[in-house]
Amino acid sequence: MRESVFNRALHFAAALAIVFGITFFYRKVLPVNATTVALTFLLAILAVSTAWGIVVSVFMSIVAMLAFNYYFLPPIGTLTIADPQNWVALFAFLVVSVIASQLSNRARKQSQDVSARRREVERLYSFCRGLLESGNVIQLLNRIPAQIVDTFEVGAAALLLADKQKVYRSGPVMPALDLESLKAVVVREEPVIDAANSLCFVPVRMGVRPIGSLGISGTILSRQTLEAIGTLIAVAMERARAVEQLGQTEAAHEGERLRTALLDSVTHALRTPLTSIKAAVTNLLSNPALTNAQRAELLTIINEESDRLNRLVGEAAEMAQLDAGEVVLKLEARPLMDVVTAALAQTKTILGNRRVDLRIPADLPLVRVDLTRVREALVHLIENANQYSPPEDPITISAEHHGDCVVTSVADRGAGIDDPEQNLIFEKFYRGRDQRYRVEGTGMGLPIAKAIVQAHGGTISLTSQRGHGSVFSFTLPIERGRAVA
């Protein structure tokens, strides 16, 4: 209060000094006619009105009128006016200066109001953007009071959720923002502004139904801003609930899709070796007259199908371990050719007479890999290319150095994959829509390859065009500071 009175006194003193400064300048330094003096006084009064308000400018108008009369209207040096026309001029000067002060003051207030509105809109925008960052209702409710304090620079905030009768606060409990006060606003359904105690309350409405209330202390916000905050909070809460429900629905759909895919996998892949084993065992038990050669053939079928069944179950277990991050990689610097050679050796029987074209430069840098795991990933890609390509077409394995990684590609000349399916091909248990009943498999090979590559810090991708085959590419980090000898 004392500071405000002192500042106002300084403004009056400055206005008085400006009047005397103009008077001295035109009396002693640059003598001019009375019209020029009057216009200069008016300009000064407008500037003061813009800067310090109407009260100071009216005071300055009266002082300027007296100075103008005393120093510039004849008879000079007295407050007497000899010519009646000067009375009109003096009165016009006073009226114009006061009206100009009022207009200037009104423009200043409008400008201040516009600036205040702009700041409120900016704060509301910032507050709204912060509300959109939370997709969880509980997290959102805990954040809102603190966010209001930070965004609108208030002292404290409290949010009441009516159906739970729970209050979320920005800090310690304040008596002015107690539960009863917040509940009263919900019942009243109208904003409450207590300027004397710097308190604001506003109901939080979803449509026309109040679902809670908000209390703010320390700063008085406009009614429009309070109502906007209440509406934004209600919309954000409803959005967070919708996001949670959508997430739960999507999770349920994903779970159902995985269950369906797993059932499909079991039906068409796991059931095949079990059927073969069952048929061979039944034949052995029911036909004692089998020759040794026939018995050996049936036992070989049982052995091969058991290995196949064991591999399928092992892939599922390995996928679970990779998803859980339980696989520990034994990283070492190796030439990429070591990985390719090991993978081709493992798939030699599967590939048979199919030609494999290698396009791997000899000067590739070493890659930092777990040889066993990366070999397995490459084996899955080679087997995939072998399964979905005509027997007479070759498979191409190529590699190139790109930045801080080596890109390895496996290309086939199969039927290709449609664009909509390319985003699904690395999902667990997913198999091509046109191939799932024609080619045996569980749909686990590509997801395992993806998980292994990602565990090495690399990425895997697919480029395919219908009728022109597919190219699976994956990256592996290079070993810094070392190269192939």
Side-chain angles (χ1 to χ4, degrees), residues 4 109-247:
S4 177
K109 286 185 176 181
Q110 290 178 346
S111 177
Q112 291 174 345
D113 290 342
V114 170
S115 298
R117 293 295 183 188
R118 179 180 57 81
R119 287 194 298 270
E120 286 187 353
V121 171
E122 290 174 350
R123 289 174 174 176
L124 286 172
Y125 171 74
S126 177
F127 179 63
C128 181
R129 186 174 58 183
L131 292 178
L132 296 178
E133 295 176 357
S134 295
N136 178 276
V137 177
I138 301 301
Q139 181 184 9
L140 175 67
L141 292 172
N142 286 318
R143 285 184 55 184
I144 284 175
Q147 190 172 341
I148 290 175
V149 171
D150 293 339
T151 304
F152 296 95
E153 299 177 357
V154 299
L159 175 64
L160 168 67
L161 203 59
D163 56 349
K164 296 182 179 179
Q165 293 295 297
K166 184 175 181 181
V167 180
Y168 300 87
R169 301 181 182 275
S170 60
V173 178
M174 295 187 63
L177 301 177
D178 61 336
L179 177 60
E180 296 303 321
S181 299
L182 294 169
K183 290 169 63 176
V185 176
V186 177
V187 175
R188 185 172 179 174
E189 298 187 14
E190 287 291 333
V192 176
I193 299 176
D194 184 359
N197 297 311
S198 296
L199 293 174
C200 302
F201 295 92
V202 63
V204 177
R205 293 190 183 92
M206 179 56 65
V208 296
R209 179 177 61 89
I211 61 174
S213 63
L214 174 69
I216 297 174
S217 69
T219 301
I220 298 298
L221 301 179
S222 67
R223 183 187 180 96
Q224 294 84 353
T225 300
L226 288 172
E227 291 180 343
I229 293 173
T231 302
L232 288 174
I233 291 174
V235 172
M237 291 170 58
E238 188 65 19
R239 172 189 170 277
R241 288 195 181 98
V243 169
E244 282 188 344
Q245 292 175 357
L246 179 61

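No experiment lies behind these values; they were computed from the predicted model shown.
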Looking only at heavy atoms, the pair that brings R169 and P145 closest together is C-CB, 3.6 Å

Rounded to the nearest 0.5 Å, the OG atom of S198 sits from the CD1 atom of I193 at a distance of 11.5 Å

Between L177 and the options L159, L199, L214, the side chain to side chain contact (heavy atoms under 4.5 Å, CB included) test singles out L199

For this session: Please examine the side chains of V235 and L232, heavy atoms only from C-beta on, and report whether any two atoms are closer than 4.5 Å.
Result: no

With sequence neighbours left out, the residues meeting side chain to side chain contact (heavy atoms under 4.5 Å, CB included) with T219 are V154, L221

Q. Any side-chain heavy atom of V186 sitting closer than 4.5 Å to one from P203?
A. no

Taking S170 for the side chain and V149 for the main chain, is one N or O donor matched with an acceptor at less than 3.5 Å?
-> no

Separation between CZ (R205) and CD1 (I211), nearest 0.5 Å, reads 11.0 Å

By side chain to side chain contact (heavy atoms under 4.5 Å, CB included), K166 pairs with (sequence neighbours left out) K164, Y168

Residue set satisfying salt bridge (charged side-chain N to carboxylate O under 4.0 Å, His left out) with R223, at least two apart, ordered chain then number -> E190, E227

Sequence neighbours excluded, the answer for side chain to side chain contact (heavy atoms under 4.5 Å, CB included) partners of D150 is none

**L182 side chain near V167 side chain, heavy-atom distance below 4.5 Å** = yes

Hits for ring pair (Phe, Tyr, Trp, His ring centres under 6.0 Å) against F152, two or more places apart or cross-chain, chain-then-number order -> F127

Q. Does K183 reach the side chain of V187, with side-chain heavy atoms less than 4.5 Å apart?
A. no

Taken in chain and number order and not counting sequence neighbours, the residues that satisfy side chain to side chain contact (heavy atoms under 4.5 Å, CB included) with E153 are R123

Worksheet item: Would you call I220 and C200 a side-chain contact if the rule is heavy atoms closer than 4.5 Å?
Response: yes

Q) Going by heavy atoms in the side chains, are F201 and S181 under 4.5 Å from each other? A) yes

